[in-house]
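Worksheet: one structure, shown below.
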Amino acid sequence: MKVLVAVKRVVDYNVKIRIKADKSGVDTANLKMSMNPFDEIAVEEAIRWKEQGKANEVIVLSIGPQSAQDTLRTALAMGADRAILVKTDDEVQPLAVAKLIKAVAKTEAPDVILLGKQAIDDDSNQTGQMLAALLGWPQGTFVSSATPDENHRITVIREIDGGLETLSLVCPCVLTTDLRLNEPRYASLPNIMKAKKKPLDVTTPADLGVDTTPRLTLLKVEEPPTRKAGMIVGSVSELVEKLKNEAKVL
Ligand code: AMP
């Protein structure tokens, strides 16, 4: 089984982000960048399948500027076999990302494409679903368990509002990872060194014949309103009194 994993370079989840003064977006200058946490989970899952003999090749793919190579090297150090960078300095929105992944899938012909359920920078939660639709492949989103079998099927458990849903998907298929799928490993120093020698191909949206012109216009980005301080009440009757007379919710 050949597995393609899409990994995005995003602002590290520990960083407190700042909005640009003109409200045109998030200020990413000099910020620590890392692999999107859901994509780390996707890479980890693919590597585990390889270790269990269920996958024979793990390819990682990123769309972004030259610096996205760092993210790909991290995935290679975790255990992926080779990497592809679709290099662009332009903004690439989820539909264009899905089209680029589809174009790569045409030549690579993977059995499974793994993505994160969402990228934590713009929280779109769209790319996997769009990709499955463009390819006409089955999809399992928000997956918290995924078990490939010899019959070219993958049994997945999905986290949905009402509980858990189990699906049996025929490959080729698209999966998006949820938090509980696994705990990603840290790359060891020897593996980081080895990853420097693993193959990393660079291509461009033009090479793949994909127009990445944004379809959506960002109007403005604002901080959420700051919350008012809470208060500690002395008794249940005081709480009820305040809910009735101050908050007026009872
Ligand atoms: P989104 O729909 O933007 O929330 O992203 C969902 C998933 O799509 C991410 O977790 C990644 O697996 C993949 N993805 C989104 N943008 C990119 C990108 N620029 N390069 C590689 N993968 C991406």
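Computation of the quantities below employed the complete heavy-atom set of this structure, encompassing side-chain atoms and omitting hydrogens, waters and symmetry-equivalent molecules. First listed ligand is number 1; within each ligand, the first listed atom is number 1.
- Looking at Ile63 against ligand 1, both its backbone and its side chain come within 4.0 Å, counting heavy atoms.
- Comparing Arg9, Gln93, Lys8 by heavy-atom distance to atom 16 (N) of ligand 1, the nearest is Lys8.
- Heavy-atom proximity to Ala119, at under 4.0 Å, picks out these atoms of ligand 1: 1 (P), 3 (O), 4 (O), 5 (O), 6 (C).
- If you number the atoms of ligand 1 from 1 as listed, the ones under 4.0 Å from a heavy atom of Ser124 come out as 1 (P), 2 (O), 3 (O), 4 (O).
- Residue Lys194 holds its NZ atom at 10.0 Å from NZ of Lys197, rounded to the nearest 0.5 Å.
- The nearest protein atom to atom 22 (N) of ligand 1, hydrogens excluded, is given as Ala6 CB, 3.5 Å; this is a heavy-atom distance.
- In the candidate list Asp39, Thr177, Leu115, Ile84, Asp39 is nearest to atom 9 (C) of ligand 1, counting heavy atoms.
- In the displayed structure, Lys20 atom NZ is contacted under 6.0 Å by more than 12 heavy atoms of other residues, nucleotides or ligands.
- Within the structure, the closest approach of Val7 to ligand 1 falls below 4.0 Å when heavy atoms are considered.
- The distance from the CZ atom of Phe142 to the CZ atom of Arg180 is 12.0 Å, given to the nearest 0.5 Å.
- Compare Gly116, Ala98, Gly128, Ala68 by their heavy atoms: the one nearest to atom 6 (C) of ligand 1 is in Gly116.
- In summary, the atoms of ligand 1 found under 4.0 Å from a heavy atom of Asn125, numbered by their order in the structure, are 1 (P), 2 (O), 4 (O).
- For atom 8 (O) of ligand 1, the closest non-hydrogen atom on the protein side is Thr127 CB, 3.4 Å.
- The number of heavy atoms from other shown groups lying within 6.0 Å of NZ (Lys2) is above 12.
- Rounding to the nearest 0.5 Å places CG of Leu181 at 9.0 Å from CD of Glu44.
- At least one heavy atom of Leu61 lies less than 4.0 angstrom from ligand 1.
- With hydrogens left out, the protein atom closest to atom 14 (N) of ligand 1 is Val97 CG1, 4.0 Å, a heavy atom.
- Under a 4.0 Å N-O distance rule, the pair Arg185/Glu51 qualifies as a salt bridge.
- With salt bridges taken as basic N to acidic carboxylate O contacts below 4.0 Å, none links Lys8 and Asp39.
- Under the 4.0 Å criterion applied to side-chain N and carboxylate O atoms, Glu159 and Lys117 are not assigned as salt-bridge partners.
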